[in-house]
Chemist: 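Got a structure here, written out as structure tokens. Questions coming.
Here is how names work: the chains are called A, B, and so on, in the same order as the sequence lines, proteins then strands, and each is numbered from 1. This is a predicted model, so every value here is computed, not measured.
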2 protein chains.
Amino acid sequence: MLSQTEENYLKSLFHLGDEAGTNELAVFLGVKPASVNDMLKKLKEKKLVNYEKYGKISLTGEGRKKAIEIVRKHRLWETFLYEKFAFTWDEVHEVAEQLEHIQSAKLVDKLDEFLNFPAYDPHGDVIPNAKGEMPEVHKKTLFEEEVGHNCTMVAVKDNSAPFLQYVTQVGLSINNKIKVLARHDYDQQMEIEVNGKVSSISPRFAKNIVIVCNDCAKKKKAGKGRNN
Amino acid sequence: MLSQTEENYLKSLFHLGDEAGTNELAVFLGVKPASVNDMLKKLKEKKLVNYEKYGKISLTGEGRKKAIEIVRKHRLWETFLYEKFAFTWDEVHEVAEQLEHIQSAKLVDKLDEFLNFPAYDPHGDVIPNAKGEMPEVHKKTLFEEEVGHNCTMVAVKDNSAPFLQYVTQVGLSINNKIKVLARHDYDQQMEIEVNGKVSSISPRFAKNIVIVCNDCAKKKKAGKGRNN
DNA sequence: TAAATTTGTTAGACTAGCCTAACTTTACTT
DNA sequence: AAGTAAAGTTAGGCTAGTCTAACAAATTTA
């Protein structure tokens, strides 16, 4: 059993990617490099990180597996708070930071099922599945999507009530499919179809909807990610 | 902000009542008396317990308030796991022990609302309301209930699939109202009404349903309680 | 390539929460 | 009321995780 602190180190290493250094990790975690050093020795001992003096830090297979489990829990809880308890996307993170450390395999399974196995969290990040698989994904705004393509809404960028009402009116919500029917060169107004309903949306609106394209080729390197 | 450990001490003191001793608390928490002693000094310093050397331990008003908040969270989470995630009543406690320490007022409010402000948890214990009020209650089995009285189901004693199926068939679930229509002296079979539906139930069945009477006078002293 | 800067490491110390062992106070028993 | 048993306390020590300060290695830059 890992402590919450150990879990946080693994999670942070996962987000920083495989070329992390001591200082970088220290800044990320909000502790001093000396503390990171101590912990790295411990995690190396437990075979969760690869680490040699003055070298770069990376997760072992086992460490990565643990990290992904935590990310999975974090993102499932964020989705839960957002969808079921009407938290806004900027409120979910802090509480999910706590909830991600709850130990219960059954709870995670049930949560996943309860949310209907969501693919994306409210920030538009991919939720790893129960096997720890995490398809890579290229996020962009709906405004940038090509005409004729199908995409999935994964997040919003604006949290204001008027915007959110508009989103609802158009029939959109996270994990919904969207088809881009047209874009007018004149005023960049777009025509989209959601659940058979066609809407005309402004460029401003489209720029606040984050999507992943279902028709674009899927090959991209993983970035550094966010703090979760 | 209290640590999880501090919260557990307060919660335990609440369950043990106001005449707890050092040893008793140590046994309850599974630690040594010396550890309890250290912590009591700290909690006294924080004005959460009343405590003098060699004297009995009790919670201050503030300490009690904190303890009730934790009990409230524990019981709401138990109810959540039981009702929404199909945990059995003997599985909920362990996970609720972890969830009760999550810090988020909004989360607790939403949880309460999501569960429709439940009065009892799956063990039949009263859930304190948002104000920290906790009506005292006299639990008994449905078998013991008087004919003509109305009562509320608060728990089951048997967790087997056949029993639970039968419970469902009769239309019963936790926080449901039951009216006792009759009891036959011959075989102690009972007639009950649930949501307008009348059922005939065996004494064995009735003995596995825990209820609180809504028609009995409500005056009784608080007992020592359980570990939650 | 040598100096300066950045990055990483070590040693020693602190706090929370726990322990054991020894001791003190209170309560029980006859 | 004296002696024993039970309950409670203290002192000192341990681990996890943090810190500061001093030092060492690596990297950048002139």
Chemist: Between A:Q98 and B:Q103, is there a donor-acceptor pair closer than 3.5 Å when you use the side chain of the first and the backbone of the second?
Modeler: yes
Chemist: Look for any protein N or O under 3.5 Å of an N or O in nucleotides 18-20 of chain C and output each such pair with its distance, or none.
Modeler:
| from | atom 1 | to | atom 2 | distance (Å) |
| --- | --- | --- | --- | --- |
| C:dC18 | OP2 | B:Y9 | OH | 3.2 |
| C:dC18 | N4 | B:D38 | OD2 | 3.1 |
| C:dC19 | OP2 | B:K32 | N | 2.8 |
| C:dC19 | OP2 | B:S35 | OG | 2.6 |

Chemist: Rounded to whole angstroms, how far apart are OH on B:Y54 and P on C:dA27?
Modeler: 12 Å
Chemist: Give the rounded distance in Å between these two atoms: NZ of A:K44 and C1' of C:dT9.
Modeler: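 Taking NZ of A:K44 and C1' of C:dT9, I get 14 Å after rounding.
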Chemist: Are A:E7 and A:K66 close enough for a salt bridge, meaning some N to O gap below 4.0 Å?
Modeler: no
Chemist: What integer distance in Å separates A:Y51:OH from C:dT7:P?
Modeler: 15 Å
Chemist: Please list, chain by chain and in numerical order, all residues satisfying salt bridge (Lys or Arg N to Asp or Glu O under 4.0 Å) with B:K65, sequence neighbours excluded.
Modeler: none
Chemist: Should B:H74 and B:E97 count as side-chain neighbours, where that means a heavy-atom distance under 4.5 Å?
Modeler: yes
Chemist: Just to confirm, is there a sub-4.0 Å distance from OP1 or OP2 of D:dT9 to any side-chain nitrogen or oxygen of B:T22?
Modeler: yes
Chemist: Please state how far atom CG in B:N37 lies from atom P in D:dA11, giving the value in whole angstrom units.
Modeler: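 After rounding, the reported distance stands at 11 Å.
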Chemist: Expressed as a whole number of angstroms, how long is the span from A:N23:CG to D:dT28:P?
Modeler: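 In whole Å, D:dT28 P and A:N23 CG are 14 Å from each other.
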Chemist: Does D:dT10 have OP1 or OP2 under 4.0 Å away from a side-chain N or O of B:K41?
Modeler: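 So the side chain of B:K41 is within the cut-off, an N or O lying under 4.0 Å from OP1 or OP2 of D:dT10.
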Chemist: Between B:K53 and C:dT24, is there a contact of a side-chain N or O with OP1 or OP2 at under 4.0 Å?
Modeler: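 It does not, given that no N or O in the side chain of B:K53 lies less than 4.0 Å from OP1 or OP2 of C:dT24.
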Chemist: Test of understanding: with salt bridge (Lys or Arg N to Asp or Glu O under 4.0 Å), list the residues that count as partners of A:K47, not counting sequence neighbours.
Modeler: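 A:K47 satisfies salt bridge (Lys or Arg N to Asp or Glu O under 4.0 Å) with no residue once adjacent residues are dropped.
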Chemist: Using a 3.5 Å distance criterion without hydrogens, assess whether the side chain of B:E144 forms a donor-acceptor pair with backbone atoms of B:T141.
Modeler: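 Indeed, once roles are kept as given, a pair shorter than 3.5 Å links the two residues.
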